[in-house]
K.L.:
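Take a look at the following structure, please.
Small disclaimer: the values here were computed from a predicted structure and weren't measured.
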Amino acid sequence: MTTMNSTPPRESPLGPQDLEEAAAVLSDLRDRLRAEIADARKTESAVRGDCVLDAADAGATTLAIEELHTRADTAAALLERTLAALTRIQDGTFGSCASCGAPIGRERVLAVPHAERCVACTERQSRA
């Protein structure tokens with residue numbers, strides 16, 4: 001399988017046990033994020049339902065809803081990366097940089113299993 005820039009992925013330093021561990025961590029994270037997003041939506045509905053038309057309450061309600069949206073958006077973005085990482089485990093590209101195809105590095109991928117790029121490509125992207 002090739003990466004986005006058509007460079008073939010190189011040999012991964014990850015063994016079967018590493019992949020199992022990463023899959024378990026990612027699956028747990030996926031479940032927690034889905035619950036967090038659902039909880040934020042439920043809480044938003046409750047906040048809207050309890051809304052009082054007092055100006056001070058309306059301001060506090062608006063702020064609370066904005067915070068819930070921020071939390072849900074952050075969780076949704078991480079959920080998307082988590083699901084993509086689970087897909088990479090299934091298709092055999094987990095642990096390979098999506099930009100250059102080099103191994104991401106065992107320590108990095110186990111610490112941040114949803115990482116898509118090696119450190120060098122991540123730094124290069126953040127400078128751009």
Side-chain angles (χ1 to χ4, degrees):
M1 170 152 260
T2 58
T3 58
M4 286 190 282
N5 67 359
S6 298
T7 303
R10 299 181 197 142
E11 185 71 24
S12 173
L14 300 172
Q17 187 174 358
D18 295 328
L19 293 173
E20 287 178 25
E21 180 182 333
V25 168
L26 288 163
S27 294
D28 181 57
L29 180 58
R30 174 201 59 208
D31 296 344
R32 286 187 289 127
L33 290 168
R34 285 179 173 163
E36 183 178 329
I37 293 166
D39 185 52
R41 290 180 181 150
K42 183 178 176 181
T43 302
E44 180 183 348
S45 293
V47 168
R48 287 185 187 279
D50 291 341
C51 185
V52 178
L53 297 178
D54 179 282
D57 287 340
T61 298
T62 300
L63 182 60
I65 290 171
E66 287 174 6
E67 287 180 25
L68 289 167
H69 280 221
T70 299
R71 275 187 22 217
D73 290 347
T74 300
L78 183 53
L79 176 60
E80 184 177 319
R81 292 193 313 271
T82 300
L83 293 172
L86 286 165
T87 298
R88 288 192 302 277
I89 288 173
Q90 292 174 346
D91 70 17
T93 60
F94 184 79
S96 296
C97 178
S99 295
C100 71
I104 291 176
R106 184 177 183 275
E107 293 78 20
R108 175 171 168 77
V109 82
L110 292 178
V112 186
H114 55 272
E116 296 176 336
R117 292 177 178 76
C118 65
V119 173
C121 288
T122 299
E123 289 175 353
R124 208 173 7 261
Q125 182 184 21
S126 68
R127 286 190 303 252

K.L.:
Restricting to non-hydrogen atoms, name the atom on A72 and the atom on I37 that form the minimum distance, rounded to 0.1 Å.
P.N.:
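Closest pair (atom of A72, atom of I37, distance): O-CG1, 4.1 Å.
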K.L.:
Heavy atoms only: give me the nearest F94-P113 pair and the separation to one decimal.
P.N.:
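That would be CE1-O, 3.1 Å.
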K.L.:
Would you check if R108 and T122 make a side-chain contact, meaning some heavy-atom pair closer than 4.5 Å?
P.N.:
yes
K.L.:
Roughly how far, to the nearest 0.5 Å, is the CD atom of E66 from the CZ atom of R71?
P.N.:
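Between atom CZ of R71 and atom CD of E66 there are 14.0 Å.
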K.L.:
Locate the shortest heavy-atom distance separating C118 from C100; write the atom from each residue and the value.
P.N.:
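Residues C118 and C100, closest heavy atoms: SG-SG, 3.8 Å.
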K.L.:
From I65 CD1 over to T70 OG1, what is the distance, rounded to the nearest 0.5 angstrom?
P.N.:
12.0 Å
K.L.:
Which distance, rounded to the nearest 0.5 Å, do you find between the CG of L79 and the CG of D31?
P.N.:
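Reported value, rounded in 0.5 Å steps: 9.5 Å.
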K.L.:
Between CD of E36 and OG1 of T43, what distance do you get to the nearest 0.5 Å?
P.N.:
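One gets 10.5 Å once the value is rounded to the nearest 0.5 Å.
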K.L.:
Give the C-alpha distance, both sets of side-chain angles, the deciding distance and a yes or no for side chain to side chain contact (heavy atoms under 4.5 Å, CB included) between R124 and R117.
P.N.:
CA-CA 10 Å; R124 208 173 7 261; R117 292 177 178 76; over 6 Å; no
K.L.:
Which heavy atom of G101 sits nearest to which heavy atom of S96, and what is that distance?
P.N.:
O-CB, 4.1 Å
K.L.:
Given R34, which partner from the list D39, L29, L83 fulfils the side chain to side chain contact (heavy atoms under 4.5 Å, CB included) test?
P.N.:
L83
K.L.:
Which distance, rounded to the nearest 0.5 Å, do you find between the NE2 of H114 and the CD of E80?
P.N.:
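H114 atom NE2 to E80 atom CD measures 12.0 Å (nearest 0.5 Å).
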K.L.:
Minimum heavy-atom separation for L26 to A85, with atom names?
P.N.:
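Taking every non-hydrogen atom into account, CD1-CB, 3.7 Å.
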K.L.:
Determine whether a donor-acceptor pair (N or O, by modelled atom type, separation under 3.5 Å) exists between the side chain of D18 and the backbone of G15.
P.N.:
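Between the backbone of G15 and the side chain of D18 there is a qualifying donor-acceptor contact (under 3.5 Å).
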K.L.:
Flag yes if L19 and I104 sit in one hydrophobic cluster, no otherwise; membership is Ile, Leu, Val, Met, Phe, Trp, Tyr, and two members link when side-chain heavy atoms are under 4.5 Å apart.
P.N.:
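They do share one cluster, since a chain of ILVMFWY contacts under 4.5 Å joins L19 to I104.
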K.L.:
So, taking the atom named CG in L78 and the one named CG in L33, what distance separates them when rounded to the nearest 0.5 Å?
P.N.:
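Between L78 CG and L33 CG, I get 4.5 Å after rounding to 0.5 Å.
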K.L.:
What are the two closest non-hydrogen atoms of V109 and G95, and how far apart are they?
P.N.:
CG2-CA, 4.2 Å
